[in-house]
Amino acid sequence: PAHVVEGANFFFGHNREGNVEVLAELGGRYGFDTHVVDARRVTLGDGEEVTVSSSRVRRLVGAGRVEDAAICLGRPYALLGTVVAGRGVGRRLDCPTANLDSGPQLLPADGVYAGQATLADGRRALAAISVGRQPTFADGVPAVEAHLLDLRAELYGQRMALAFYQYLREQRRFDTVEQLRAQMERDLAHVRQAVQ
């Protein structure tokens with residue numbers, strides 16, 4: 001590395017015995033600069049003032065609080081991956097989805113989110129993003145899938161980023177496909193309102 005940026009409370013190594021002073025010494029020996037930044041405090045959506053940390057961001061994302069995670073990060077939380085083939089359920093419901101292979105990245109809590117997709121070629125589209133099992137279908141398997149509004153394209157094999165703007169609702173089972181379709185229409189309307 002040329003530069004390492006850490007907070008004053010950074011520790012590393014065996015028994016966490018390394019700190020920013022040790023890191024600076026190592027930088028002098030191995031030719032990299034060490035920069036220590038002050039803690040940043042932000043006010044979350046519920047009015048709570050907190051210190052930003054990676055563990056706090058992970059907890060917020062894991063709880064589905066993507067708007068608060070964005071306050072901490074200074075940008076929306078995003079997953080990056082490759083679009084892979086799914087089961088084709090969205091296409092059969094006239095709401096095709098791009099299934100994202102996001103690998104070992106931290107997933108937001110199961111639910112439906114308003115967001116934005118960015119393709120490798122720079123094209124962007126509003127996105128209704130579903131994270132988790134599809135409880136309406138008996139063989140519901142965990143998935144990250146997004147319906148891209150106003151964009152129809154062959155996406156298999158393409159790299160895509162999904163930015164999470166707002167939690168819309170929990171995953172739930174619908175008794176009929178018609179009920180699911182009606183909810184999906186409401187979700188798409190909410191995405192258009194949430195992502196300006």
Side-chain angles (χ1 to χ4, degrees), residues 44-46 57 59-73 75-103 105-196:
L44 301 180
D46 62 4
V57 171
R59 282 193 306 272
L60 290 169
V61 169
R65 294 175 58 185
V66 295
E67 290 173 278
D68 284 334
I71 292 169
C72 291
L73 292 169
R75 61 165 173 80
Y77 181 74
L79 296 173
L80 179 64
T82 302
V83 178
V84 297
R87 297 178 307 152
V89 173
R91 191 175 309 278
R92 289 194 300 273
L93 295 173
D94 295 324
C95 191
T97 59
N99 291 267
L100 190 71
D101 178 358
S102 57
Q105 297 173 79
L106 173 66
L107 298 181
D110 287 4
V112 177
Y113 296 84
Q116 183 177 61
T118 303
L119 304 178
D121 64 10
R123 286 182 292 169
R124 293 183 176 180
L126 299 179
I129 307 167
S130 173
V131 177
R133 297 183 181 275
Q134 301 155 330
T136 299
F137 303 97
D139 61 343
V141 294
V144 176
E145 56 184 334
H147 174 72
L148 279 53
L149 285 69
D150 307 321
L151 177 66
R152 297 283 188 250
E154 183 57 52
L155 300 175
Y156 294 127
Q158 289 196 41
R159 298 284 289 166
M160 181 173 68
L162 290 177
F164 292 78
Y165 284 67
Q166 186 179 61
Y167 177 87
L168 297 179
R169 65 173 176 85
E170 76 284 350
Q171 290 279 6
R172 62 177 176 263
R173 186 180 187 291
F174 294 91
D175 293 328
T176 67
V177 170
E178 290 73 25
Q179 289 175 339
L180 174 58
R181 272 197 184 123
Q183 180 60 61
M184 290 167 64
E185 287 299 320
R186 289 191 293 274
D187 293 341
L188 297 179
H190 289 138
V191 168
R192 290 191 190 281
Q193 293 171 352
V195 184
Q196 301 286 333

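Predicted model, so just to flag it, every value in this text is computed and none were measured.
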Side-chain donor/acceptor of Gln171 to backbone N/O of Val131, under 3.5 Å: yes
Pairwise distance CG(Leu100) to CD1(Ile129) - rounded to 0.5 angstrom: 9.0 Å
Donor-acceptor under 3.5 Å (Gln116 side chain, Arg124 main chain): no
Interatomic spacing from CG in Leu126 to CG in Leu151 - rounded to 0.5 Å: 10.5 Å
Any side-chain heavy-atom pair of Met160 and Leu148 under 4.5 Å: yes
For Asp101, side chain to side chain contact (heavy atoms under 4.5 Å, CB included) partners two or more places apart: Val84
With Arg123 via salt bridge (Lys or Arg N to Asp or Glu O under 4.0 Å) - residues at least two apart: Asp121
Where Leu44 and Arg65 come nearest, the two heavy atoms and their spacing: CD1-NH2, 3.7 Å
Sequence-distant partners of Thr82, side-chain hydrogen bond (donor to acceptor under 3.5 Å, both in side chains), two or more places apart: Arg159
Test side chain to side chain contact (heavy atoms under 4.5 Å, CB included) applied to Ala78 - qualifying residues, sequence neighbours left out: Ala163
Qualifying residues under side chain to side chain contact (heavy atoms under 4.5 Å, CB included), relative to Tyr167, sequence neighbours excluded: Tyr113, Glu170
Rounded distance (nearest 0.5 Å) linking atom NE2 of His190 with atom CZ of Arg192: 13.0 Å
Residues forming a salt bridge (Lys or Arg N to Asp or Glu O under 4.0 Å) with Arg59, sequence neighbours excluded: none
Note, Leu60 side chain near Cys72 side chain (heavy atom, < 4.5 Å): yes
Any residue meeting side chain to side chain contact (heavy atoms under 4.5 Å, CB included) with Gln166, in chain and number order, not counting sequence neighbours: Glu67, Ala114, Leu168, Ala194
